[in-house]
2 protein chains.
Amino acid sequence: MLKLTKKADYGLMALKYLAEHPETPALSAKDVADAYGIPAQLLAKVLQRLTKTGLLRSHAGMNGGYELARDARQISAFEVIHAIDGPLFITSCTKGTKPCELTPSCTIKEPLARVNETIAGVLKSISIQDLAEHEHPTGRSRETHGLVVLTL
Amino acid sequence: MLKLTKKADYGLMALKYLAEHPETPALSAKDVADAYGIPAQLLAKVLQRLTKTGLLRSHAGMNGGYELARDARQISAFEVIHAIDGPLFITSCTKGTKPCELTPSCTIKEPLARVNETIAGVLKSISIQDLAEHEHPTGRSRETHGLVVLTL
DNA sequence: CTGAATACGGACCGATCCAGTCGGATATAA
DNA sequence: TTATATCCGACTGGATCGGTCCGTATTCAG
């Protein structure tokens, strides 16, 4: 599968939404949830997590909510995904602690680790601003934003 | 998370193993399983699936087993993963059938689809032969195998 | 001061998925 | 004929995920 969780999706959507509304002082979790039709309480927990990792600033009380802690250009998709889904591994063995107890086996992992790096690099090259900009489904002729070179 | 399943790992390992033993007429699932210390019956099902999709040739009976259906250079990691884990999506909405019923929401998916393409491209550029070759953890100065350009 | 709105955080549940097992059927070589 | 294989469906236990509920703390408005 190789897919990221719905929470990560929600997080990206929310940050994109915040980037699209830079004027408002703060948007509540409910505001964003309603805008996208996603469960408010679930999104709230996602945003809380993003706040904890420093990607958002929160403000309790009436007219409170969330705002981007940095410029949208300075927040990468990788950071968001990492904050929500945790470290990003393509191999299913590496659980962080135990390094694959299969005898000498996982010679597979060494090349796959590079694939992992490449994917991380791609995700790091995408900012929230990029997501917000590509709202308009206009042109197909677009400039090269990122250049990723894979060396095996 | 963004990880592939253990089955896919096993499949890659098995194919790598087969590529490393080109002389033997056929290796049984048990042979490979023992070599890596992974459950034989589970690996068997993985190999059966790979056979079904045409990546392996099987031979029942005594001294039977599996062999690569093509040259190791002609089999990509992408094919293996796709055969075992199914289609590869980074977005968690796209389930194949339903295209994300969230109102206008998933403007996120358009850029992520390109990320998906990029990842697929990377995986396609890696052959089983590559995995087998990179056994030796020798040099760090290696030539560029693949060049992936990401345009957003 | 009181109350509404909001962020925070833990506990919980149902569904799904995954790793692994079991049992049996079929094929093939010795 | 028997041992060794592939083949294939069904099942189970555990983990994870999406989502909900409830209680607490914080802040603003009246």
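Chain A is the first sequence line, chain B the second, and so forth, proteins listed ahead of strands; every chain is numbered from 1. No experiment lies behind these values; they were computed from the predicted model shown.
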Task: Test log, rule side chain to side chain contact (heavy atoms under 4.5 Å, CB included), inputs A:Arg73 and A:Glu133 - done: CA-CA 11 Å; A:Arg73 296 187 183 280; A:Glu133 278 174 358; 3.3 Å; yes
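Closest to the side chain of A:Ala60, from the set C:dT6, C:dT21, D:dA5, is C:dT6. Which of D:dG18, C:dA7, C:dC22 sits closest to the side chain of B:Gln41 comes down to C:dC22.
Legend: residues meeting side chain to side chain contact (heavy atoms under 4.5 Å, CB included) with A:Leu27, ordered by chain and number and at least two apart, are A:Tyr17, A:Leu18, A:His21, A:Thr24, A:Asp31, A:Val32.
Of all the heavy atoms in A:Tyr36 and A:Glu20, the pair that sits closest is OH-OE1, 4.4 Å.
Listed in residue order, the members of residues 48-58 of chain B having a heavy atom less than 4.0 Å from DNA chain D are B:Gln48, B:Thr51, B:Ser58.
Atoms NE2 (A:His59) and P (C:dA7) sit 10 Å apart, rounded to a whole Å. Taking atom CG of B:Leu47 as the reference point, atom P of D:dC7 lies 9 Å away to the nearest angstrom. Between B:Lys45 atom NZ and C:dC22 atom P the separation is 13 Å, expressed in whole Å. When the C1' atom of C:dA19 is taken as reference, atom NZ of B:Lys3 falls 11 Å away, rounded to whole Å. Between the C1' atom of C:dA19 and the CG atom of B:Asp9 lies a distance of 12 Å, rounded to the nearest Å. Straight-line distance from the CE atom of B:Met62 to the P atom of D:dA5: 7 Å, rounded to whole Å. As a whole-Å value, the separation of A:Glu67 CD from C:dA7 P is 12 Å. Between the CG atom of B:Leu42 and the P atom of D:dT6 there is a distance of 14 Å, rounded to whole Å.
Within the 4.0 angstrom heavy-atom criterion, only backbone atoms of the sugar-phosphate kind lie near A:Ala29; the bases stay farther away. If you check every strand for non-hydrogen atoms under 4.0 Å, A:Lys30 touches nothing.
Along DNA chain C, the nucleotide nearest B:Asn63 and the nucleotide nearest B:Ala40 are compared for position; the residue whose nucleotide lies closer to the 5' end is B:Ala40.
Put simply, the side chain of A:Asp85 gets close to the backbone of A:Thr5: a donor and an acceptor are under 3.5 Å apart. Under a 3.5 Å cut-off, the side chain of A:Gln74 and the backbone N or O of A:Asp71 do not form any donor-acceptor pair.
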Atom pairs and distances, side-chain donor-acceptor, residues 50-66 of chain B, under 3.5 Å, sequence neighbours left out:
residue	atom	partner	partner atom	Å
B:Thr51	OG1	B:Leu47	O	2.8
B:Thr53	OG1	B:Arg49	O	3.3
B:Thr53	OG1	B:Leu50	O	3.1
B:Arg57	NE	B:Glu67	OE2	3.4

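Note on A:Lys124 versus A:Glu117: no salt bridge recorded, every NZ/NE/NH1/NH2 to OD/OE distance being 4.0 Å or above.
For the OP1/OP2 pair of D:dG19 and a distance below 4.0 Å, the side-chain nitrogens and oxygens of A:Tyr10 include at least one atom meeting the criterion.
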